[in-house]
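This report concerns only the one structure given below.
Position 1 is the first residue of the sequence, and the numbers go up from there. Any value given below was found using the heavy atoms of this structure, including those in side chains, with hydrogens, waters and symmetry copies removed.
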Amino acid sequence: MPESATTIAIGPDQAASRLLERAVVDAGAKVGELADAEALIWTGKPGDFPATLPPSVRWVQLPAAGIEDFFAAGVFAAHPDIEFTSAAGAFSHSVAEHALMLLLAGVRYLPEHLRATSWQQREFFPHVGSLRGKTVTIVGAGGIGRALIPMLAPLGAHVIAVNRSGRRVTGPGIPDEVETVPADQLGRVWSHTDHVVVAAPATAQTRHLIGADELARLKPSSWVINVARGSLIDTDALVDALTGGAIGGAGLDVTDPEPLPDGHPLWTLPNAIITPHDSNPPQLRLAAFADHVGANIARFVAGQPLLAIIDTDRGY
């Protein structure tokens, strides 16, 4: 590696460094000390982020797609002149798979079967059905949404993609007929959607994006899937909707509060599926993050725009 190669620091988690070091070298840079680095691949917690950085550091790559905790820790305010990128998009496929699993499990009444301890067949399961011909609304059609749409299309589902801009969602495997709705018109989709997948970032504007009014406008057969952040759904309103039969069920990989405490009603509701925020399990996470890091370092070395640049005004 030439002495003039771009220097990238990695830290503070040394356990993650080997795979990331290879990504740095393969992308045309070298691993070095923070004091000499032009960029930092951060692998630690928000609260441990350095209060000061060397003046040579121009870019910081964060390890998470959801970066609200870094806002709360004051990381961006403390370093206003540094470009930050998140891991948005790095884990999209894994999380999209998990969302599809939760949705299919609900639609096919899988929780009932998982609890069974004897062979039972019913003539009729309330609300059990198929995704074929159904409308699935994806709230937050970013990386996860763009990964999920090609999974839903072969199942015959119609997709409404909700994003901030309202620009048509495109990408590999995304059908032309996918309907795109801007976030400020989200209210018009509730009454004609069958199921909802929440994949939007957590910001002040998206807190309780789905509450009692929105849940009341869904169908008694609708499943609400949340693979974003628990704060996007009003938990009390969700419990009421599940208990009262206003919706068919909920599949939640994230909750508010999180971790979901023992004894919370969601644990015992028969139409709620809870997974402990593991849609992106550790054995998949690091490899996907290393791929993302490598792609961004290659761009950084070449002077090209980086992936997943954080807009602090928008909050993601």
- Note on the structure: So ring-ring contact (aromatic ring centres under 6.0 Å, His included) across residues 192-215, not counting sequence neighbours, yields none
- Pair listing, ring-ring contact (aromatic ring centres under 6.0 Å, His included) test, anchored in residues 230-288, at least two apart: none
Got [X] and [Y] here, is their nearest side-chain heavy-atom distance under 4.5 Å?
X: L242; Y: D240; result: no
X: L102; Y: N226; result: no
X: V197; Y: V139; result: no
X: V24; Y: K30; result: no

- Note on the structure: With sequence neighbours left out, the residues meeting side-chain hydrogen bond (donor to acceptor under 3.5 Å, both in side chains) with N280 are none
Main chain of [Y], side chain of [X]: is a donor-acceptor contact present, judged purely on distance under 3.5 Å?
X: T243; Y: V239; value: yes
X: S191; Y: R217; value: no
X: E214; Y: G211; value: yes

- Task: Indicate whether any N or O donor in one side chain lies under 3.5 Å from an N or O acceptor in the other, for E38 and S56.
- Result: no
- Item | Any donor-acceptor N or O pair under 3.5 Å, side chains E83, T85 | no
- Excluding sequence neighbours, so at least two apart, what forms ring pair (Phe, Tyr, Trp, His ring centres under 6.0 Å) with F300? W59
- Message: So, using ring pair (Phe, Tyr, Trp, His ring centres under 6.0 Å) as the criterion, who are the partners of F71 when residues are at least two apart?
- Response: F76
Pairs flagged by salt bridge (Lys or Arg N to Asp or Glu O under 4.0 Å) wherever [range] is involved - sequence neighbours left out:
range: residues 287-307; answer: none
range: residues 189-205; answer: D194-K219
range: residues 222-237; answer: E68-R229
range: residues 250-266; answer: R207-D256

Side-chain donor/acceptor pairs under 3.5 Å, residues 162-177, sequence neighbours excluded:
from : atom 1 : to   : atom 2 : distance (Å)
N163 : OD1    : G166 : N      : 2.6
N163 : ND2    : R167 : O      : 3.0
S165 : OG     : R167 : N      : 3.1

Side chains of residues 91-98: which donor-acceptor pairs under 3.5 Å do they make with residues two or more places apart or in other chains?
from : atom 1 : to   : atom 2 : distance (Å)
S92  : OG     : G89  : O      : 3.2
S92  : OG     : G143 : O      : 3.4
S92  : OG     : I144 : N      : 3.4
H93  : NE2    : E97  : OE2    : 3.2
S94  : OG     : S279 : O      : 2.6
H98  : NE2    : T275 : OG1    : 2.9

Under 3.5 Å donor-acceptor pairs involving side-chain atoms of residues 307-316, not counting sequence neighbours:
from : atom 1 : to   : atom 2 : distance (Å)
D311 : OD1    : D313 : N      : 3.0
D311 : OD1    : R314 : N      : 3.3

- Item | V107 versus S130, closest heavy-atom pair with distance | CG1-N, 3.7 Å
